[in-house]
Amino acid sequence: MPGSRDMAYIAAASITTMHIGGIFGNLSLGYLSDLIITRWPQAEQTKAPRAPALLGITILLTVALELFPLTVSEGSSHLWLSFLWFSTGFLVEGGISTVSLLTIGLVPDNQSGSAHGLASLVAQGGAFMAGWPFSRLVEGTSWKVAHQLLVVASATMVAISSYFMMLLFKGLPSHTTRKFD
């Protein structure tokens, strides 16, 4: 069992790796959502053209969360743990950024700053406050059970998002031509 100094180092390195992943997630997933809109003209015909990107992010985050209880043990390599933390930060922060972009697209231009701020506030507030209920869940059960419940919640979110996205894209023509300026 590592000493308290080693545990503090491991915790700091994990959080740092997660935030570095978040930086790359913000940049990469913003670009990716732009690319989806550019390459898939039907997306622009909806009120939420970034919804497919957000659904993909949610699915990948569900997979990343499932990898924690399935693959992490006392003997796990630091490289694998760093990859998991980086991936989690990449997908969580990139997802928050994509939600903000989605929100900006739903409001008039003169309200886009306020919409972005409100969406970011809710997303960051949720991320901040999630620690307390999750820690209580871990205290009452175990890390493995808590992560499994987190994966179930994430998979439920994927199902709900898929349903709403299906409604959003229902009735769109399967092929459209796009005019370029």
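As the structure is a computational prediction, the values presented were derived from the model and not from experiment.
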Can you tell me how far [atom2] of [Y] sits from [atom1] of [X], rounded to the nearest 0.5 angstrom?
X    : Y   : atom1 : atom2 : value
I57  : L60 : CD1   : CG    : 8.0 Å
M18  : S82 : CE    : OG    : 13.0 Å
I160 : T58 : CD1   : OG1   : 11.0 Å

| request: Classify the ring geometry between F86 and F24 as parallel (under 30°), tilted (30 to 60°) or perpendicular (over 60°). | output: tilted

Determine the minimum heavy-atom distance between [X] and [Y], stating which atoms define it.
X    : Y    : result
A146 : V138 : CB-CG2, 3.6 Å
L84  : V72  : CD1-CG2, 3.6 Å
F90  : S28  : CZ-CB, 3.6 Å
L91  : A64  : CD1-CB, 4.2 Å
H147 : L65  : CD2-O, 4.1 Å
L55  : S161 : CD1-CB, 3.8 Å

Should [X] and [Y] count as side-chain neighbours, where that means a heavy-atom distance under 4.5 Å?
X    : Y    : answer
L150 : S154 : no
I23  : H19  : no
Q148 : F68  : no

| query | Is V122 linked to V107 within one hydrophobic cluster, defined over Ile, Leu, Val, Met, Phe, Trp and Tyr using a side-chain heavy-atom separation of less than 4.5 Å? | reply | no

| message | Please tell me whether I20 and V92 are part of a single hydrophobic cluster in this structure, the criterion being side-chain heavy atoms less than 4.5 Å apart. | response | yes

| message | Show me the pairs that pass side chain to side chain donor-acceptor pair (under 3.5 Å) and involve residues 94-113, at least two apart or across chains. | response |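 Listed once each, the pairs are S100-S120.
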
| field | With F83 via ring-ring contact (aromatic ring centres under 6.0 Å, His included) - residues at least two apart | value | W80

| task | Would you check, one step at a time, whether the test side chain to side chain contact (heavy atoms under 4.5 Å, CB included) holds for L29 with L32? | result | CA-CA 5 Å; L29 295 176; L32 179 67; 3.9 Å; yes

